[in-house]
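Following: one structure in structure tokens, then a few remarks.
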Amino acid sequence: MKNRTLAAQSERPTVTRRRFFKVAAAGAAGTTLIACAPGAAAPAGDDTQDESSEDSSAQEDGASSGEATTLLVGWGGAPANLDPITASADVEINLLNAIYDYLIDTDDQATLVPRLAESWEVSDDGLTYTLNIVEGATWHDGDPLTLDDILWTIERLRDPEAATSDLFSAVEGVAAGDGNQIVFTLNATTPDFLFNLSDNRAVILKQNAENIGSDFNGTGPFRLVEFNPEDRATLEANGDYWGGAPAIDQLELVFFGDATAAANALRGGQIDVLLRMDNATFLGFADEGFTNVNIATNGHDLVRLRADREPGNDERVRMAFKMATDRATIFERVQLGFGAQGRDTPVGPLYGAYYTEDFELPEHDPEGARALLAEAGYEDGLDMTLFVPNLADRVALAEVLAAQWAEAGINITIEPQEEAVYYGDNGWLEVDLGITPWGSRPIPQFYLDVAYKTDAIWNEAHFSDAELDEQIDIAGSSVNPDERVAAYREIQRILIERGPVIIPYFFAQFGVFSDRVSGVNVHPFAGRTNLNTASIS
Amino acid sequence: MANANSPLKSASGPAAQADWQVVVRRRLRAIARFIRQLFAQPSAAIGTLIVIFFLILALFGSAIAPYGENDQSHPTAVAPGTADYPLGTDFLGRDILSRVILGTSSIFVNAGLGTLVAVGIGTAVGLLIGYQGGWLDEVVSRLIDAFLALPALLIALVALGVVRGAVIDPTPTQRFLLDNSVLLVIAAVYAPIVARVVRGSTLEIKTLEFVQAARIRGETVPYILFREIFPSVVPALVVEASLRFSYAIFLVAALGFLGVGARPPTPDWGLMVSESSGGRFQLAPWALTYPAIAISLLVIGVNLMSDGIKNIVQKSE
């Protein structure tokens, strides 16, 4: 569930009850912001900014003589849960990522990047992983980072009761090795194991840490100074950071009611950076003098038809839905051209070698779809209800699909659902026809394991295909890279030919920066964007 | 209005075998006089014309609107003012003029019929508890008080949240409730308010001689409620109903805006406003502006009309 709501939370809802009340709260927060601007948020104030641009050398002098440079990052929501095991929203992960360190990071190309583990080796049999831990890392309270801290954290994450235990399901044992090493022993080959270690929730805590989620003592580049969940988190740069002190003196994560309020604050000069927004909001920043960044992700909206009962149990019906869908129009109208067009599989272009366009998608052909439905016994077309989480772009997708499918004789009633109810009661696993947003992951195996295999816990389409299951197993266990590439190809072929899902597009991840900010690399999962590389001119 | 009722009262006695044609003629004359009085007030005349204008759109919208409600075969985000799209198109390429026109019926069905149902239920309950008094009045009145302590919007949100809560496979009854949930919620939140107004009038009227006379004659309670008391409640009821209608329009729009009202792609004005807000507002501000203007215009129209009605009723009293 976490992984699901994660996608949902991070995309901005527009018309929910929550938002209605949040908008009101945002109004209040906005007022506070303006009131505070001359004091706490001084460097972001227009006046100050003008001064600094008039005399930038004075600003640099000011920085070294104690006038702090502050980077203000806006989020369209506040953190609700900061225990790493259960944290999921972008803003929560972003705060954890600033305070703590991961063993291994990922970058915008979904490749592994060293963090506390400066290097690693994998044994030939693929069962032993040795991580070399960086020397000289210290906790914010001054104590040195020890291997025991790491082992304690791993045990906490591995606890069968913890939501993170599945990341370590193949781990037989973990122990300190020679020197500053951590050694994982697996009982089954898991070629993506290092990606599991880079999971959003796998930050390293100090041994026997108490009040996790409210007291924060990390090894990360920023130290938490003040935290007001209603307003902002103020962090100062960790001058002793093992990876080098950040170029900025202070970091503030500012919480807004929604992305629209945050976008307005960016325009008003109250924040410097916005990393999470819907397509239209990002498009609105074009030609406004900001630095706009737009990168590919593997996050996607998925339209799925239950394959274990009528009408979706007929392969021809599934094909008819695919043929009735005009992906190019959806991409243009719902995504406004941002991101990438999808090919009905969760293996997207972000995954490089695993991704293929060799298999042809059925062409948009409403008449052909109608004929296929008739052949399957639905001469009069279909009347179905399309369930969709009540979030702006998802509802728009439903509206476009309803218009397109109507041409093929598929009449749709759109039923928007409040997320808390829809996911909370597992209604999303029951409905015949539904739209589900999935967040971006650095590996394709995650989606396949949790949602596409016959016995997967979130197999929402109830699809069961022996050939697909076999290929998913090969892809998830083989240590032979070529074999994995071949398996992912087969998986894409099967899903395109007879799969129960339509994936019309992959999201883009956005970043909008004021002109004084540079050095930030936007991450496909917005919350994983590292802010210690930022600099302010 | 109240004066026009007095001849009816004498005609309603059992002895007078009333010539119903005379009655109908009198009533028509009273209505005609009422309409004359309404249009004699400039602001009420404007308001009434606005309401009639939208009522025509609601009734004949599908014949008037140039395109269908979810017809996406047009270019997206066309600015208003072109011959093809006088009010522009939205982010999905739907004609806004057509959607504003077609959305009128959703407002009138939900707010209008919802108000009528609320008036029907509220009148029956109000007459009964006002006339009977005693413990029935105490209990129901306190319940109404408790209900009125909560904002209508909040009650509506909770009620719709429950009704809409992931009903995966609705039975025909559930389907009916789902399809008419907004109308029913409007009726439910406003019926108690109407009941209280009617109860207040009933308490006054039931002490009057003609009611006492009817009771002594041995008339049944329903007869007394609807033939004796009800006609005298009508003026207050008409004022209250028109006021409720204007609130109901706003409530329907608010529910649509909050996403618990009409289902997309229904061209519900509130839903149109919310769909075009946020980041999309910058791309096609007109997609938000015109439905918002339509909501304002209709609410203003109903309010002006309602003021006019109130003036006439007060004058005649």
Side-chain angles (χ1 to χ4, degrees), chain A residues 12-21 23 258-261 263 277-286 288 329 332-334 336 385 387-388 390-393 395-400 402-404 406 412-418 420-432 434, chain B residues 67-77 89-94 99 153-154 156-158 160-170 175 178-179 181 254-268 270-285 287:
Chain A
R12 188 179 62 90
T14 51
V15 204
T16 62
R17 231 177 304 169
R18 253 171 303 151
R19 187 190 173 222
F20 172 66
F21 293 113
V23 170
D258 57 27
T260 306
M277 69 208 88
D278 60 286
N279 299 308
T281 299
F282 179 73
L283 189 60
F285 278 104
E288 285 197 17
T329 301
E332 174 213 326
R333 298 201 167 180
V334 180
L336 304 173
T385 302
F387 289 81
V388 54
N390 203 351
L391 307 168
D393 285 345
V395 174
L397 171 61
E399 289 182 298
V400 177
Q404 293 180 354
I412 293 297
T413 304
I414 299 171
E415 195 64 79
Q417 298 286 305
E418 286 306 312
V421 180
Y422 187 50
Y423 297 128
D425 294 349
N426 278 343
W428 69 289
L429 294 173
E430 294 301 317
V431 302
D432 274 314
Chain B
Y67 309 106
E69 60 177 41
N70 199 26
D71 179 350
Q72 299 172 5
S73 62
H74 312 291
T76 57
T89 67
D90 71 3
F91 61 100
L92 291 181
R94 296 176 293 198
R99 284 176 64 78
L153 182 60
L154 193 67
L157 274 177
V158 173
L160 288 172
V162 172
V163 175
R164 289 279 177 85
V167 183
I168 304 304
D169 240 334
R175 172 53 65 195
L178 278 175
D179 288 346
S181 53
L255 293 173
F257 178 79
L258 294 173
V260 293
R263 291 189 199 88
T266 311
D268 177 273
L271 188 61
M272 289 169 74
V273 168
S274 90
E275 281 191 337
S276 312
S277 63
R280 288 182 190 139
F281 177 70
Q282 279 203 309
L283 307 181

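Fair warning: this is a prediction, and the values are worked out from it, not measured in the lab. By convention in this document, chain letters (A, B, ...) are assigned in the order of the sequence lines, proteins followed by strands, and residues within each chain are numbered from 1.
Shown here for B/Pro265 and A/Ile414, the closest heavy-atom pair between the two residues is CD-CD1, 3.8 Å. A/Val395 and B/Pro264 make their closest contact through CG1-CG, 3.5 Å (heavy atoms, listed as atom of the first residue, atom of the second, distance).
For the side-chain hydrogen bond (donor to acceptor under 3.5 Å, both in side chains) test with B/Arg280, the passing option among A/Thr281, A/Asp278, A/Asp393, A/Asn279 is A/Asp393; the others fail.
Both the backbone and the side chain of A/Val400 come within contact range of chain B, each with at least one heavy atom under 4.5 Å from a heavy atom of that chain. Residue contact with chain A, scored on non-hydrogen atoms closer than 4.5 Å, involves the side chain of B/Leu283 exclusively. The part of A/Thr385 that comes within reach of chain B is its side chain, from C-beta onward, which places non-hydrogen atoms under 4.5 angstrom from that chain. Only the side chain of A/Leu336 comes within contact range of chain B, with at least one heavy atom under 4.5 Å from a heavy atom of that chain. Contact of A/Ala403 with chain B is made through backbone and side chain together, with heavy-atom distances under 4.5 Å.
Of the listed residues (A/Ala280, A/Ala263, A/Ala396), the greatest number of heavy-atom pairs within a distance under 4.5 Å of chain B belongs to A/Ala280.
With B/Gln72 contributing its side chain and A/Glu399 its backbone, the two residues share a donor-acceptor pair below 3.5 Å. A donor-acceptor pair is defined here as one N or O able to donate and one able to accept, closer than 3.5 Å; no such pair exists between the side chain of B/Asn70 and the backbone of A/Ala402. A donor-acceptor pair under 3.5 Å is absent between the side-chain atoms of B/Arg263 and the main chain of A/Glu415, judged by distance alone.
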